[in-house]
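Okay, structure first, notes after.
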Amino acid sequence: MARLHTENHLVSRIGWLRAAVLGANDGIISTASLIVGVAAAATTQHEVLIAGSAGLVAGAMSMAAGEYVSVSSQSDTEHADLARERKELSDNPAFELDELAEIYVKRGLDRALARQVAQQLMAGDALTAHARDELGISEITTARPVQAALASAATFSIGAAMPLLMVVVTPSYALVPVVAGASLAFLALLGAIGARAGGANMLRATARVTFWGALALAITAGIGKLFGTVV
């Protein structure tokens, strides 16, 4: 007799992983860019640290609020679709059975087998069957606003703390090159970790996040240098 075993698929991480990578990436880039821009304006190390700390707090709150609102909108849409589907199942179950069977026919089953599968699934849990196969809503993909908000805020704070730490340990005259270089290294590490966790190509992910980080740092440093003021 074959022994069944539980498989852990990487797609189950997609909800929190997306929010976590986005939060950490934004934390590093936005805070490092702010620090580099302020430092390039020839302000004091103390002022740079204050600006960076304010950026960390504001950014973490912004990420949490943004993720919660956007993912809540997705959740509201899912609930509205499920409510409509529940009503349709109640009002016209025969049509819904035909609709589900047709989905399986399009996926390659012959019509008789497709109808048999649809009948058995609807006999068990009709709403779940339609949510998964008609609407594309499953346990893995269901929107989780609180999880997304907490993951983004926490990882943003961790990401932002890295360039801030460089400000504390670096002499004021070397802030721009040290913070920029260290932040790019942090971004490369983040890209590799995110790719590893998601089963993606590590080199491509690392190059992608490092490129955009370098571009953001260069533009912000240029603005700070050009205007010579805190930006």
Side-chain angles (χ1 to χ4, degrees), residues 8-38 49-87 125 127-128 130-165 167 183 186-200 205-206 208-213 215-217 219-220 231:
N8 295 316
H9 295 287
L10 296 175
V11 72
S12 63
R13 306 174 181 176
I14 195 169
W16 64 264
L17 182 60
R18 181 198 63 82
V21 171
L22 176 63
N25 182 76
D26 196 20
I28 296 173
I29 292 179
S30 62
T31 306
S33 297
L34 177 63
I35 290 171
V36 168
V38 173
L49 188 59
I50 291 175
S53 299
L56 185 156
V57 175
M61 294 299 99
S62 176
M63 286 295 296
E67 282 290 330
Y68 184 81
V69 170
S70 63
V71 179
S72 290
S73 296
Q74 178 187 340
S75 180
D76 291 342
T77 301
E78 290 177 353
H79 282 98
D81 274 342
L82 289 173
R84 184 174 62 182
E85 194 65 31
R86 187 180 291 108
K87 185 176 186 304
D125 189 338
L127 182 61
T128 297
H130 280 268
R132 180 183 61 247
D133 295 324
E134 181 183 348
L135 304 178
I137 300 173
S138 68
E139 180 64 25
I140 292 176
T141 61
T142 297
R144 296 179 176 84
V146 174
Q147 181 191 68
L150 293 177
S152 289
T155 53
F156 182 98
S157 300
I158 294 171
M162 295 178 182
L164 271 178
L165 178 61
V167 176
S183 296
F186 294 146
L187 285 170
L189 178 61
L190 172 65
I193 293 174
R196 176 73 174 177
T206 300
R208 181 171 55 218
V209 72
T210 304
F211 168 78
W212 288 108
L215 182 62
L217 288 167
I219 292 174
T220 312
V231 293

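We number each residue from 1, following the sequence as shown.
Between Ser70 and Gln74 the shortest side-chain heavy-atom distance does not fall below 4.5 Å. Taking the side chain as every heavy atom from C-beta outward, Ser30 and Phe156 approach each other to under 4.5 Å.
Between atom CG of residue Asp125 and atom NE2 of residue His130 there is a gap of 10.5 Å, rounded to the nearest 0.5 Å. Annotation: the span from Thr206 atom OG1 to Leu190 atom CG amounts to 9.0 Å, rounded to 0.5 Å. Separating the CG atom in Leu217 from the CG atom in Leu187 is a distance of 7.5 Å, to the nearest 0.5 Å. Taking OG1 of Thr155 as the reference point, atom CE of Met63 lies at 6.5 Å (rounded to 0.5 Å). Here the CG atom belonging to Leu189 is positioned 7.0 Å from the CE atom belonging to Met162, to the nearest 0.5 angstrom. Note: Leu164 CG to Thr31 OG1 = 6.0 Å, rounded to the nearest 0.5 Å.
With sequence neighbours excluded, no residue satisfies side chain to side chain donor-acceptor pair (under 3.5 Å) with Thr77.
For the pair Ala148 and Val71, the tightest heavy-atom approach, listed with the atom from each and the gap, is CB-CG2, 3.8 Å. Shortest non-hydrogen contact noted between Ser183 and Ala32 is OG-CB, 3.1 Å. Listed here is the closest heavy atom pair of Leu34 and Ala51: CD2-O, 3.2 Å. In this structure, Leu82 and Ala131 approach most closely via the heavy-atom pair CD2-CB, 3.5 Å. Across all their heavy atoms, Ala216 and Ile29 have their closest contact at CB-CG2, 3.6 Å.
A side-chain donor-acceptor contact under 3.5 Å links Ser157 to the backbone of Ala153.
Exactly one residue among Pro145, Ser73, Ser152 makes a side-chain contact (heavy atoms from CB on, under 4.5 Å) with Tyr68. That residue is Pro145.
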